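Report on the following structure.
Values below: all heavy atoms of this structure, side chains included; hydrogens, waters and symmetry mates excluded. All values derive from a computational prediction rather than experimental measurement.
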There are 2 protein chains.
Amino acid sequence: MPHEAQKAIARQSLLLRSLPEQHVDTLLRQAVWRQYDRGETIFLQEEEAKAVHVVLAGWVKLFRVTPTGAEAVVSVFTRGDSFGEAVALRDVPYPVSAEAVSPCEVMHIPSPVLLSLMREDAEIGVSILAATFTHLHSLVAQLEQLKAQTGAQRVAEFLLNLCEVESGTCEVELPYDKMLIAGRLGMKPESLSRAFSRLKTVGVKINRNHADIADIDVLRDYAENDPSER
Amino acid sequence: MPHEAQKAIARQSLLLRSLPEQHVDTLLRQAVWRQYDRGETIFLQEEEAKAVHVVLAGWVKLFRVTPTGAEAVVSVFTRGDSFGEAVALRDVPYPVSAEAVSPCEVMHIPSPVLLSLMREDAEIGVSILAATFTHLHSLVAQLEQLKAQTGAQRVAEFLLNLCEVESGTCEVELPYDKMLIAGRLGMKPESLSRAFSRLKTVGVKINRNHADIADIDVLRDYAENDPSER
DNA sequence: CTCCAAACTTGACAATTGTCATGTCACGAC
DNA sequence: GTCGTGACATGACAATTGTCAAGTTTGGAG
């Protein structure tokens with residue numbers, strides 16, 4: 001029983017937005033709509049994929065658990081993001097687990113529905129590839145960050161991505177837990193705290209889940225250039 | 001002027017192997033076959049993708065160059081590997097650069113050829129998704145390694161992946177430069193040297209581009225568990 | 001064969017990060 | 001309201017890694 005507002009969000013998602021109206025309707029009609037509480041599991045690593053997921057509200061994290069139990073956050077998704085495309089269309093297990101990190105609404109499109117529609121119209125395949133490419137690209141960007149930037153620089157880029165404007169002053173809300181931000185950026189919470197302190201020297205003030213950026217250009221310069229100064 | 005042996009390698013690639021014979025022939029016939037010298041560029045970051053690439057011989061690295069000039073290796077491909085699928089089918093620029101790190105033979109399938117065939121048979125789309133998923137998965141695995149393992153552990157896993165057997169003693173050849181191995185594993189060459197020294201305590205001896213592993217299980221245990229012992 | 005440039009190793013040192021311990025603060029249960 | 005749990009900050013310390021500066025080795029060019 002999806003609300004019209006939810007449908008509107010789904011239509012705007014990267015996965016669906018370039019599809020003809022008629023196909024989107026078919027998919028929305030056959031989708032499963034669910035709510036999740038904070039901390040609830042959406043699917044587990046090694047589980048067989050049976051659907052593609054679209055986040056309508058809230059935040060979802062994808063993560064891997066190592067043999068030793070350590071957790072590595074792979075990505076964090078929110079309204080309009082889809083995930084699991086490449087996995088659902090082949091009978092392979094998920095390489096990651098998914099968990100709601102805030103109360104969430106998620107739409108699930110069963111893979112058989114998507115598959116059959118794909119055989120009717122090759123355009124669907126291109127749409128799925130578009131969404132998959134976006135994930136690929138974001139993973140590549142993350143890899144670059146991890147390999148070539150210091151912790152404080154990664155935090156700076158994270159903040160820059162939250163900014164709506166291109167330059168000048170900006171205030172942003174941290175979208176989720178600092179613990180999760182730390183995980184997403186590949187560091188421990190303590191290191192994130194220290195990274196925030198360092199950013200004070202480039203005009204960043206953190207207050208609760210609220211960040212004040214004095215000058216976006218200064219911060220961007222810090223993110224892209226030398227961490228050695230100061 | 002492809003050799004039969006080259007065609008055979010292409011047919012076995014993840015991208016083509018599940019396609020009906022007839023389609024594979026169509027693709028092979030319209031593909032471009034090229035050789036590259038060591039160090040030669042195959043394509044550059046930001047360049048528009050016009051083809052999907054399949055490595056027939058030699059080694060190719062994909063990497064990103066940061067605004068400051070630092071280089072982050074994203075992946076290293078060899079015989080039978082394909083790359084650029086998700087990019088070629090949409091008019092978007094490559095997120096990475098590609099360079100031959102040894103003399104190479106590479107087959108290029110122009111994207112229009114693939115696209116038109118895809119509209120004829122949706123099965124092609126599934127094949128492309130299969131290859132793309134493999135890349136996605138390997139990037140996720142890399143992210144996990146970078147975030148959750150020490151340098152020496154990553155080197156251990158790298159060696160384990162080179163082993164043909166499951167347990168016991170094993171000798172492997174390092175497939176390419178130690179500098180490139182270091183880049184692929186997200187560390188400096190000096191750190192790689194040190195990581196190799198540490199692995200001596202778990203029965204690994206490095207000689208030139210040759211590694212002797214005394215006991216694969218011991219090494220696997222090191223890779224998966226605590227780096228603190230010893 | 002000789003020589004050179006690049007790859008590689010090693011040591012000393014500095015910077016960064018993880019770990020452990022402690023303390024504060026906010027928020028929900030009660 | 002009080003209590004208690006978990007998030008967050010911070011300091012001290014250890015471990016890891018990057019940086020810089022030698023040396024050694026290796027694989028061609030000539």
Identify all pairs in which a protein N or O lies below 3.5 Å from an N or O of nucleotides 6-8 of chain C, and state each distance.
{"from": "dC8(C)", "atom 1": "OP1", "to": "K178(B)", "atom 2": "N", "distance (Å)": "3.2"}
{"from": "dC8(C)", "atom 1": "OP2", "to": "K178(B)", "atom 2": "N", "distance (Å)": "3.3"}
{"from": "dC8(C)", "atom 1": "OP2", "to": "M179(B)", "atom 2": "N", "distance (Å)": "3.0"}

Protein-nucleotides 23-30 of chain C N/O pairs under 3.5 Å:
{"from": "dA26(C)", "atom 1": "OP1", "to": "R208(A)", "atom 2": "NH2", "distance (Å)": "3.0"}

Provide a list of protein-nucleic acid N or O atom pairs under 3.5 angstrom, restricted to nucleotides 11-14 of chain D.
{"from": "dG11(D)", "atom 1": "O6", "to": "R194(A)", "atom 2": "NH2", "distance (Å)": "3.4"}
{"from": "dA12(D)", "atom 1": "N6", "to": "R194(A)", "atom 2": "NH2", "distance (Å)": "2.9"}

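Two residues are said to be in side-chain contact when any heavy atoms from C-beta on lie closer than 4.5 Å; L199(B) and Y222(B) meet this criterion. Between Y94(B) and L44(B), every side-chain heavy-atom pair lies at or beyond the 4.5 Å cut-off. By the 4.5 Å heavy-atom criterion applied to side chains, L16(B) and L28(B) are counted as neighbours. Annotation: side chain of D177(A) is not in contact with side chain of V101(A) (no heavy-atom distance under 4.5 Å). Side-chain contact check for R34(A) versus E40(A): some heavy-atom pair is nearer than 4.5 Å. Residues L174(B) and L159(B) meet the side-chain proximity criterion, which asks for heavy atoms closer than 4.5 Å. Contact check for I213(B) versus C163(B): side-chain heavy atoms found under the 4.5 Å cut-off. Contact annotation: the side chain of L185(B) approaches that of V155(B) to within less than 4.5 Å [non-hydrogen atoms, C-beta and beyond].
One can place CG of L146(B) at 13 Å from C1' of dT17(D), the figure rounded to the nearest angstrom. As rounded to whole Å, 17 Å separates atom P of dT16(C) from atom CG of L185(A). Computed from coordinates, the M187(A) CE to dG18(C) P distance equals 8 Å when rounded to whole Å. Remark: P of dT17(C) and CD of Q149(A) are 12 Å apart, rounded to the nearest angstrom. Between the P atom of dC8(D) and the CG atom of N207(A) lies a distance of 13 Å, rounded to the nearest Å. Following rounding to the nearest Å, K147(A) (NZ) and dT17(C) (C1') show an atom-to-atom distance of 19 Å. The distance from atom CG of N209(A) to atom P of dA9(D) is 11 Å, rounded to the nearest whole Å. Rounded to an integer number of Å, the gap from CZ of F196(A) to P of dA9(D) is 7 Å.
Within 6.0 Å of the CD atom in E166(B), the count of heavy atoms belonging to other residues, nucleotides or ligands does not exceed 12. For R11(B), the CZ atom is densely surrounded, since the number of other residues' heavy atoms within 6.0 Å is greater than 12.
Residues satisfying the salt bridge (Lys or Arg N to Asp or Glu O under 4.0 Å) test with E46(B), not counting sequence neighbours, are none.
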field: CA sep, side-chain torsions, deciding dist, call: R17(A), Q12(A), side-chain contact (heavy atoms from CB on, under 4.5 Å)
entry: CA-CA 5 Å; R17(A) 71 169 162 230; Q12(A) 286 161 31; 5.6 Å; no
Side-chain polar contacts of residues 139-148 of chain A - donor-acceptor pairs under 3.5 angstrom, sequence neighbours left out - could you list them?
{"from": "Q142(A)", "atom 1": "OE1", "to": "K147(B)", "atom 2": "NZ", "distance (Å)": "3.1"}
{"from": "Q142(A)", "atom 1": "NE2", "to": "V74(A)", "atom 2": "O", "distance (Å)": "2.7"}
{"from": "E144(A)", "atom 1": "OE1", "to": "R64(B)", "atom 2": "NE", "distance (Å)": "2.1"}
{"from": "E144(A)", "atom 1": "OE1", "to": "R64(B)", "atom 2": "NH2", "distance (Å)": "3.0"}
{"from": "Q145(A)", "atom 1": "NE2", "to": "E157(A)", "atom 2": "OE1", "distance (Å)": "2.6"}
{"from": "K147(A)", "atom 1": "NZ", "to": "V73(B)", "atom 2": "O", "distance (Å)": "2.5"}
{"from": "K147(A)", "atom 1": "NZ", "to": "Q142(B)", "atom 2": "OE1", "distance (Å)": "3.1"}
{"from": "K147(A)", "atom 1": "NZ", "to": "R184(B)", "atom 2": "O", "distance (Å)": "3.0"}

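Listed nucleotides: dT19(D), dT16(D), dT17(C). Nearest to the side chain of R198(B): dT16(D).
Both P189(B) and L192(A) lie close to DNA chain C; mapped to their nearest nucleotides by heavy-atom distance, the more 5′-ward contact belongs to P189(B).
The aromatic rings of F83(B) and F77(B) lie parallel to each other, their planes meeting at an angle below 30°, with 60° marking the opposite boundary.
In the helix from dC1(C)-dG30(D) to dC30(C)-dG1(D), the rotation axis of the first five pairs and that of the last five pairs differ in direction by 40°, rounded to 10 degrees.
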